[in-house]
Visitor: 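Let me give you the structure first, and then I'll get to my questions.
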Amino acid sequence: MLGIDISSSTVKLVELGRNPDGQLVLERCGIEPLERGWINEGNVERFEEVADALRRLLQRSGSKTRNAALALPGSAVITKKIVLAAGLSDRELESLVEIEASQCIPFPLPEVSLDFCVIGPSVGSTERVDVLLAASRKEKVSDRQALAEAVGLLPVVMDVESYAMRLAAGRVMDALPNQGRDALIALIEVGSHSTSLQVIRNDDMLYERDQVFGGAVLSQQIARQYGLSFDEADARKKIGNLPSDYADQVLQPFMDSLGQEIGRALQFFFTSTPHNKIDHILLSGGCAALPGVVEAVAAQAAFPCQLVNPLDGMLIGPEVRSAELAFESTSYLVATGLALRKFYP
């Protein structure tokens, strides 16, 4: 199954497999840029252009797989955990979930795509179960489905970006002391135009926030400093082909700003919840690969910070250009989480 991540600036693809020993294998991956405005706040504004970009990415990858997992941004999905009696049939569960959804969703149910899953026994009661419901406007779901179908893919999973991120980061969380149990973990992805923050404890997301700040700011600063076009600045940022004063004059001020933005996002969390500290910051996204960025975020936020490379520890298949992964690997957080749905539905 292909993990297809459609963001405001790129389409990303990840395909995973397992070898006979059960090790994960990165079989294919790739990124195709999108022009600004084609995807706006999660909405597909230029369908044909985005479909063409996805088609180019598929052709370049060489994948013959047709099943695909896609995701909606968290802003397009309403999720809620509810508690119901254990032992109900699927039909009884569905009926009760629809009743609950009608009370928390500000749209008529016929206009909504609704799904749910039983998480497990409710804490403190063997006769109750926790159920997670998720709902989104049907047109949001159908837009993603139509993009996949337009290029010959079969959309078999429609996830939420934040859930895909957590699945991809799960191996890093498991390596934390005590496997991260009972710890407050801030999972941060720095994208091109926005930075997303999730604060997680065990299996619960306590807080979620997006801020308008990302790697495009650095590309704009490079373009302005050295008289380059944005596209040229973005390309040279990735390969490091920039003048000798770049690190001091452009990169360090950007990393200071990034650390301040993340620190500000955490302060919003502290002021809106009873918590006043974070145990672990896990940093991913394209900018996470910049040299020194983990240290800059740790210094500004005053909490331990480490990199999340969702592909770390995987075997690399022969179709993957390993040289490109040095800078790109941290960009594949959502796409990797979606591809992992093949093994962790």
Side-chain angles (χ1 to χ4, degrees), residues 3 5 71-83 116-123 130-134 159-191 194-211 258-259 261-285 287-288 294 297-298 300-313 330-341 343-345:
D5 173 24
L72 291 168
S75 59
V77 183
I78 296 171
T79 59
K80 184 179 181 181
K81 185 188 291 186
I82 59 177
V83 180
F116 68 93
C117 67
V118 177
I119 301 172
S122 187
V123 176
D130 290 334
V131 177
L132 180 68
L133 70 84
D159 206 340
V160 184
E161 289 177 0
S162 57
Y163 286 81
M165 290 168 58
R166 284 149 61 183
L167 180 57
R171 293 184 301 148
V172 176
M173 294 182 190
D174 288 343
L176 294 172
N178 195 32
Q179 295 184 307
R181 300 301 299 177
D182 300 322
L184 284 174
I185 300 172
L187 177 58
I188 299 170
E189 185 191 36
V190 185
S194 66
T195 296
S196 67
L197 162 69
Q198 300 179 60
V199 180
I200 306 158
R201 183 172 59 195
N202 300 330
D203 295 325
D204 293 327
M205 183 166 64
L206 305 181
Y207 182 82
E208 185 175 17
R209 180 182 176 86
D210 290 341
Q211 298 207 172
L258 175 59
E261 290 291 333
I262 290 174
R264 187 174 297 116
L266 290 174
Q267 284 301 319
F268 279 116
F269 166 65
F270 298 144
T271 57
S272 58
T273 70
H275 305 287
N276 59 11
K277 72 179 183 69
I278 291 291
D279 295 302
H280 307 281
I281 296 175
L282 304 183
L283 186 66
S284 196
C287 283
V294 169
V297 170
Q300 290 285 345
F303 299 110
C305 180
Q306 69 182 82
L307 188 68
V308 177
N309 176 356
L311 308 178
D312 196 28
T330 55
S331 301
Y332 289 112
L333 189 65
V334 173
T336 300
L338 294 173
L340 283 168
R341 291 297 183 199
F343 310 108
Y344 308 102

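Values below: all heavy atoms of this structure, side chains included; hydrogens, waters and symmetry mates excluded.
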Visitor: Search all heavy atoms of Leu338 against all heavy atoms of Gly3 and return the closest pair with its distance.
Guide: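 Where Leu338 meets Gly3 most closely, the heavy atoms are CB-CA, 3.7 Å.
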Visitor: Please confirm whether the backbone N or O of Leu311 pairs with a side-chain atom of Asn309, one donor and one acceptor, at under 3.5 Å?
Guide: yes
Visitor: Test your reading of the model: is there a side-chain donor-acceptor pair from Asn202 to the backbone of Asp182, 3.5 Å cut-off?
Guide: yes
Visitor: Keeping Ser284 on the side-chain end and Thr330 on the backbone end, is there a donor-acceptor pair under 3.5 Å?
Guide: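 Side chain of Ser284 to backbone of Thr330, a donor-acceptor pair under 3.5 Å: yes, one is there.
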Visitor: Please identify which of these residues, Leu282, Ile281, Val172, meets the side chain to side chain contact (heavy atoms under 4.5 Å, CB included) condition with Leu187.
Guide: Leu282
Visitor: Set out, in order, the CA-CA distance, both residues' side-chain angles and the distance that settles side chain to side chain contact (heavy atoms under 4.5 Å, CB included) for Tyr163 and Leu132, then state yes or no.
Guide: CA-CA 12 Å; Tyr163 286 81; Leu132 180 68; 3.5 Å; yes
Visitor: Which heavy atom of Ser122 sits nearest a heavy atom of Asp130, and at what distance?
Guide: OG-OD1, 3.2 Å
Visitor: Got a second to check how far Ile188's CD1 is from Ile262's CD1, nearest 0.5 Å?
Guide: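 Answer rounded to 0.5 Å: 4.5 Å.
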Visitor: Measuring from Ile200:CD1 to Asp279:CG, what's the distance to the nearest 0.5 Å?
Guide: 12.5 Å
Visitor: Would you compute the distance between atom CG of Leu340 and atom CZ of Arg171 and round it to the nearest 0.5 angstrom?
Guide: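 Reported to 0.5 Å precision, the distance equals 7.0 Å.
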Visitor: Can you name the nearest heavy-atom pair linking Arg341 to Asp159, along with the distance?
Guide: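 Shortest heavy-atom separation between Arg341 and Asp159 comes out as NE-OD2, 2.6 Å.
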Visitor: Test Val160 against Leu72 for side chain to side chain contact (heavy atoms under 4.5 Å, CB included), laying out the working first.
Guide: CA-CA 5 Å; Val160 184; Leu72 291 168; 5.7 Å; no
Visitor: Do Glu189 and Glu161 pass the side chain to side chain contact (heavy atoms under 4.5 Å, CB included) test, and can you show the C-alpha distance, the side-chain angles, and the key distance before you say yes or no?
Guide: CA-CA 11 Å; Glu189 185 191 36; Glu161 289 177 0; over 6 Å; no
Visitor: About how many Å separate NZ of Lys81 and CG of Asp203, when rounded to the nearest 0.5 Å?
Guide: 7.5 Å
Visitor: Return the CG to OG1 distance between Leu133 and Thr79, rounded to the nearest 0.5 Å.
Guide: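 It comes to 7.5 Å.
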Visitor: With no hydrogens and no angle check, is any side-chain donor or acceptor of Gln198 less than 3.5 Å from a backbone partner on Ser162?
Guide: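 Checking the backbone N and O of Ser162 against the side chain of Gln198, a donor-acceptor pair under 3.5 Å is found.
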Visitor: Just list the side-chain donor-acceptor pairs under 3.5 Å for residues 264-271, sequence neighbours left out, or say none.
Guide:
from   : atom 1 : to     : atom 2 : distance (Å)
Arg264 : NH1    : Glu261 : OE1    : 3.4
Arg264 : NH1    : Glu261 : OE2    : 3.0
Thr271 : OG1    : Gln267 : O      : 3.1
Thr271 : OG1    : Phe268 : O      : 3.1

Visitor: Minimum heavy-atom separation for Phe303 to Ile278, with atom names?
Guide: CD2-O, 3.2 Å
Visitor: How many angstroms lie between atom CG of Leu197 and atom CG of Leu283, to the nearest 0.5 angstrom?
Guide: 11.0 Å
Visitor: Could you report the tightest heavy-atom contact between Gly337 and Ala168, atom names first, then the distance?
Guide: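 That would be N-CB, 3.6 Å.
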Visitor: Kindly indicate whether the side chain of Leu176, heavy atoms from C-beta on, has any atom under 4.5 Å from the side chain of Ile185.
Guide: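 The answer is yes; the side chains approach within 4.5 Å.
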Visitor: Where the side chain of Ser331 meets the backbone of Gly285, is there a donor-acceptor pair that is under 3.5 Å apart?
Guide: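 Not confirmed, Ser331 side chain does not pair with Gly285 backbone.
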Visitor: Which is it for Leu206 and His275 under the side chain to side chain contact (heavy atoms under 4.5 Å, CB included) test, yes or no, and what are the steps along the way?
Guide: CA-CA 10 Å; Leu206 305 181; His275 305 287; 3.8 Å; yes
